[in-house]
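A, B, ... follow the sequence lines: proteins, then strands. Residue 1 opens every chain. Not measured: the values here are computed from a predicted model. Below, each value reflects all heavy atoms present in this structure, side chains not excepted, and no hydrogens, waters or symmetry copies.
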Amino acid sequence: MAARFNPLEADAHWQKVWEEQGSFRASNDSAKPRSYVLEMFPYPSGRIHMGHVRNYTMGDVLARYRRMQGFEVLHPMGWDAFGMPAENAAMEKKVHPGEWTRANIATMRGQLKRLGFALDWSRELATCEPDYYGHEQALFLDLYEAGLVYRKQSEVNWDPVDMTVLANEQVIDGRGWRSGALVERRKLSQWFLKITDFAEELLDGLGTLDQWPDKVRLMQENWIGKSQGLRFRFRLTQEAAGMGELEVFTTRPDTIFGASFAAVSPDHPIALALADRDSAAAEFIAECKRGGTTAAELETAEKKGFDTGIKVVHPLDSEWTLPLYIANFVLMDYGTGAVFGVPGHDQRDYEFASKYGLPINRVVAASAEEASEPIGSEAETGGGVIVNSRFLDGMEVEAAKAEVIRRAESEGWGKGTTVWRLRDWGVSRQRYWGTPIPIIHCEACGPVGVPKDQLPVVLPEDVTFDVPGNPLDRHPSWKHVSCPRCGAAAVRETDTLDTFVDSSWYFIRFASQPGHQPFEKADAEKWLPVGQYIGGVEHAILHLLYARFWTRALKRIGRLDIEEPFKGLFTQGMVTHETYRAGDGSWLSPDEVKRDGDDWVHFESGKPVEVGRVEKMSKSKKNTVDPEPIVDQYGADAVRWFMLSDSPPERDLPWSEAGIEGAWRFVQRLWRMAADEQSGQGEDKALARKLHQTIAAVAANIESLAFNKAVANIYELANAIEKAPPSATRGQAVETLLLLVAPMVPHLAEQAWAALGRENLIADAAWPEVDPTLLVEDEVTIAVQINGKLRDTLTAPKGAPKETLEEMALASEKIVRVLDGKPPRKVIVVPDRLVNLVA
RNA sequence: GCGGACGUGGCGGAAUGGUAGACGCUGGAGACUUAAAAUCUUCUGCCCGCAAGGGCGUGCGGGUUCGAGUCCCGCCGUCCGCACCA
């Protein structure tokens, strides 16, 4: 047996064996229980990075473990292959996006294979291929026919650099998420998916996702943003461009008698109508639009208003009128684009009222006696009883809300309403490298879906990227077709779908991929929902919400009887690394620096280097570590082991040279343990106990994805085996140890398994059985405390009675000395744990 | 501003209210070696002490308890998400 484990040979060998035997192919017809383990599929950016390695290693451990437990496991891989970077590359490097993308996929597939992941490559898919996106077009048309897709003129976020429309979610601090350019507002005809139709069920569904992180559920809940309140109308005292009423929304109808003004958004029809005849109003509106939209600017932005001179009539008192302002803080796209202000109980209204000298009245107080207390320096937003509010006086806030809504509805001036923050999903993108929207525009018939027998609508290959904008629109012939309905000359839709559509159903296609339709319902339902989904928290809202919506939409149209696509979700932490800076402030990469005593210096020049914080690996800070050379040097198993060690998987993992060295040493150590194991006789009860406790602990820790703890369990067992004298138990322990590490370091495990003379693959072996009688110790260590402070420990048989433990504790020399002849006032005995003497 | 998470050795981190620091990394000492690497042994929270032993220790201040890293109250700090949402 070789003295050293050679990963370069072993990795390639076993990867080939697994591939030849089809070890990780999932059968749709298996009678075994099923398990679907999925990691978020990568964008083919060019090369695998450490974040991928960590993500896919976690999923792989779980997938391999489940297989050993007897499950039929589906663990597939594919490529989220449409998107902007391919077009950027096309523009910069004069290479076709498809060529660039497919080359990247080939590279990255090779890199993934070298890591030995137990993937079913027969189900590999790439979203940029017609045999994927064609089916997506079919699903889009199904949703269109079901009325879940519509087209509307809408003001959109226009990215002037990428020359495309962005979803609200893709605008961060007023800038495009990719280009960083300041976003403009433009009116375009766009396709929308009716995600708001599902707002309620998407929100309620979160309650069923008990295997999701609370954090993600909360983020989605906030994103959906349900608010319940009252929508009601004010009558205007003057006609404003033909509009006699102003509709507002409030979540605090209970404070209706505390109103001191009403305000509309600068984009509100009343404001726009006013601007036509009042230049001061027009000037104010223009000023509002000039304001910055970054977070910092918004936070410090002053509340500003323009008094229109119009008065609105209070719905509960026709004698009472309020001034109507145009105000910069009122958003057109939330609620009705108009509000009424209650300065006493809303901080924003308070600031506005303070500035414009409007009354600040109290209508909620801690008690009825405090009705005349003035409001202090801040609005009071808490609960209490209603005061100064006529028929509402004395009611609790919630009761008053209900009463005002009831009254508004019976008197006909308003209605209890739910308002959502969630907007419909705009999916049109003015890009080439995406799924063509399968619609034909006919002058006579309007938009017509492409007949299904004409799908896929394939992207033309002959396009150029020498000018900005959408090459599909410029293509000489592609868009010119005849109308499927009337046969007249018509044009194709030249927009493509948001790439988040592609990732909203790929997990279904993995489960079932027939040629003639997107998926077979019955096959897909055998696998779905995904049992465990693993990926970065950056997808907590967008991707996960869209996929949940898409799944529910398919259910509504009867295509799939699944409500939630991902039963379990895990969001893993990032891989981080120290940062280094030269004297001139420029970033240095890890291989440009070296240690010099306690300091760091530049490798070549020897100049001192400043060590910065540990941060997410990024190209801009040059603190990335490319996995491939690491695999070349240490092999796949050492990298995998390191990815699982030390840091809890949900937290960041600091990459270090010492860490990978340590992982490499352990892999070699495992090899030596297997290679050097001497056959021995007899039973070693203590080792057997440790072994079975470890089997149980590792299983439990893998189940809960606590890989760092499973790793620690394995180290402990390895230490115990090495310390134990030769015995039959020890031989079994080494074999079992290999089974326990097999999901984590599979190449080494196969090699050692074979070296021990086993003929089957360890990948096909069963997870070891636990002997429950060996999980309990027969001797326990008892802590002896005086006043809660540890003074001694003693060994006692498990289950020893309290009296015995107390006697033993009192007999301890150390205890006798500390007590100094005085009997304890009280004795607390916790069986099998401790004795606490209160002196 | 709102919401959330987290603060434990030199570092990553363990710890059903019951022996804080498992396990790993780093570092020290020693063995093997002509030497180095690898490997093995051993020590490694801080302070006092030759030692035996003792004292202090889980961000800070209180509280509950025989006993608190863990539970409760109040601060401080770091990170993340949302952000004028009516």
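A:Lys215 has its NZ atom 7 Å from the P atom of B:G81, to the nearest Å. Atom pair A:Leu790:CG and B:G21:P shows a separation of 10 Å (rounding to whole Å applied). The interatomic distance linking A:Asp267 (CG) with B:A86 (P) rounds to 19 Å, in whole Å. At whole-Å resolution of the value, CZ in A:Phe232 and P in B:A86 are 15 Å apart. Rounded to whole Å, atom C1' of B:C25 lies 8 Å from atom CZ of A:Arg665. Rounded to whole angstrom, the span from the CZ atom of A:Phe340 across to the C1' atom of B:C85 amounts to 15 Å. Residue A:Asn708 contributes atom CG, which lies 18 Å from atom P of B:C11 at whole-angstrom precision. Distance A:Ile224 CD1 to B:G81 C1': 15 Å, rounded to the nearest Å.
Nearer the 5' end of RNA chain B, as judged by each residue's closest nucleotide, is the contact made by A:Gln785, out of A:Gln785 and A:Ile828. Comparing A:Ser656 and A:Arg791, the nucleotide of RNA chain B nearest to each residue sits closer to the 5' end for A:Ser656.
In this structure, B:C56 and B:G45 make a Watson-Crick or G-U wobble pair, each of the two defining distances being under 3.5 angstrom. With a cut-off of 3.5 Å on both pairing distances, the Watson-Crick or G-U wobble partner of B:G24 is B:C11. Pairing for B:C2 goes to B:G81, judged as Watson-Crick or G-U wobble with the two contacts each under 3.5 Å. B:C40 is paired with B:G30 under the Watson-Crick or G-U wobble criterion, all donor-acceptor distances under 3.5 Å. Base pairing analysis places B:G17 opposite nothing; no Watson-Crick or G-U wobble pair with both distances below 3.5 Å involves it.
Looking at the side chain of A:Leu218, the nearest of the listed nucleotides B:C66, B:A22, B:G3 is B:G3. Distances from the side chain of A:Lys814 to the nucleotides B:A86, B:U19, B:G53 place B:G53 closest. Picking from B:A83, B:G12, B:G24 the nucleotide with the shortest atom distance to the side chain of A:Pro654 gives B:G12. Of the candidate nucleotides B:G53, B:A86, B:G13, B:G13 has the atom nearest to the side chain of A:Ser647. Among the nucleotides B:U19, B:C82, B:C25, the one closest to any side-chain atom of A:Ala658 is B:C25. When the nucleotides B:A14, B:U16, B:C56 are ranked by their closest atom to the side chain of A:Pro648, B:A14 comes out on top. Listed nucleotides B:C40, B:A86, B:C23 differ in distance to A:Arg669; the shortest reach to its side chain belongs to B:C40.
Across every non-hydrogen atom of A:Ala353 and A:Ile360, the tightest pair is CB-CG1, 4.1 Å.
Taking atom C1' in both B:C11 and B:U26, one finds a spacing of 7 Å when rounded to whole Å. Look at the C1' atom in both B:G49 and B:U39: the space between them is 36 Å, to the nearest Å. Between the P atoms of B:C46 and B:G28, the separation comes to 15 Å (whole Å). Taking atom P on both B:C32 and B:U41, the two are 15 Å apart, rounded to the nearest angstrom. For B:C84 and B:A20, the C1' atoms lie 48 Å apart once the distance is rounded to whole Å. A gap of 11 Å separates the P atoms of B:U58 and B:U8, to the nearest Å.
At the phosphate of B:C66, neither OP1 nor OP2 sits under 4.0 Å from any side-chain N or O atom of A:Arg825. When the side-chain nitrogen and oxygen atoms of A:Arg672 are compared with OP1 and OP2 of B:A38, none of them lie within a distance under 4.0 Å. Between A:Tyr334 and B:A86 there is a side-chain N or O to OP1 or OP2 distance below 4.0 Å. In this structure, A:Arg217 does not reach the B:G4 phosphate: none of its side-chain N or O atoms is under 4.0 Å from OP1 or OP2. Contact annotation: A:Ser227 reaches the phosphate of B:A86 (side-chain N/O to OP1 or OP2, under 4.0 Å). Applying the 4.0 Å criterion to OP1 and OP2 of B:A22, one finds that A:Asn719 has every side-chain N and O outside that range.
Looking at A:Arg730 and A:Glu677, a side-chain N of the basic residue comes within less than 4.0 Å of a carboxylate O on the acidic one, giving a salt bridge. Under the 4.0 Å criterion applied to side-chain N and carboxylate O atoms, A:Glu351 and A:Arg348 are not assigned as salt-bridge partners. Classification of A:Lys798 and A:Glu777 as a salt-bridged pair fails, no side-chain N sitting under 4.0 Å from a carboxylate O. A salt bridge is defined here as a Lys NZ or Arg NE, NH1 or NH2 lying under 4.0 Å from an Asp or Glu carboxylate O, and A:Lys226 with A:Glu221 fails to meet this definition.
Between A:Arg4 and A:Arg672 there is no side-chain heavy-atom pair separated by less than 4.5 Å.
Between the side chain of A:Arg665 and the main chain of A:Ile660, no donor-acceptor pair closer than 3.5 Å is present. When atom types are taken as modelled, the side chain of A:Glu650 and the backbone of A:Gly573 share no donor-acceptor pair closer than 3.5 angstrom.
The base of B:C23 does not come close enough to the side chain of A:Lys709 for any donor and acceptor atom to sit less than 3.5 Å apart.
Within 90° of 0 lies the glycosidic angle of B:G9, which makes this nucleotide syn.
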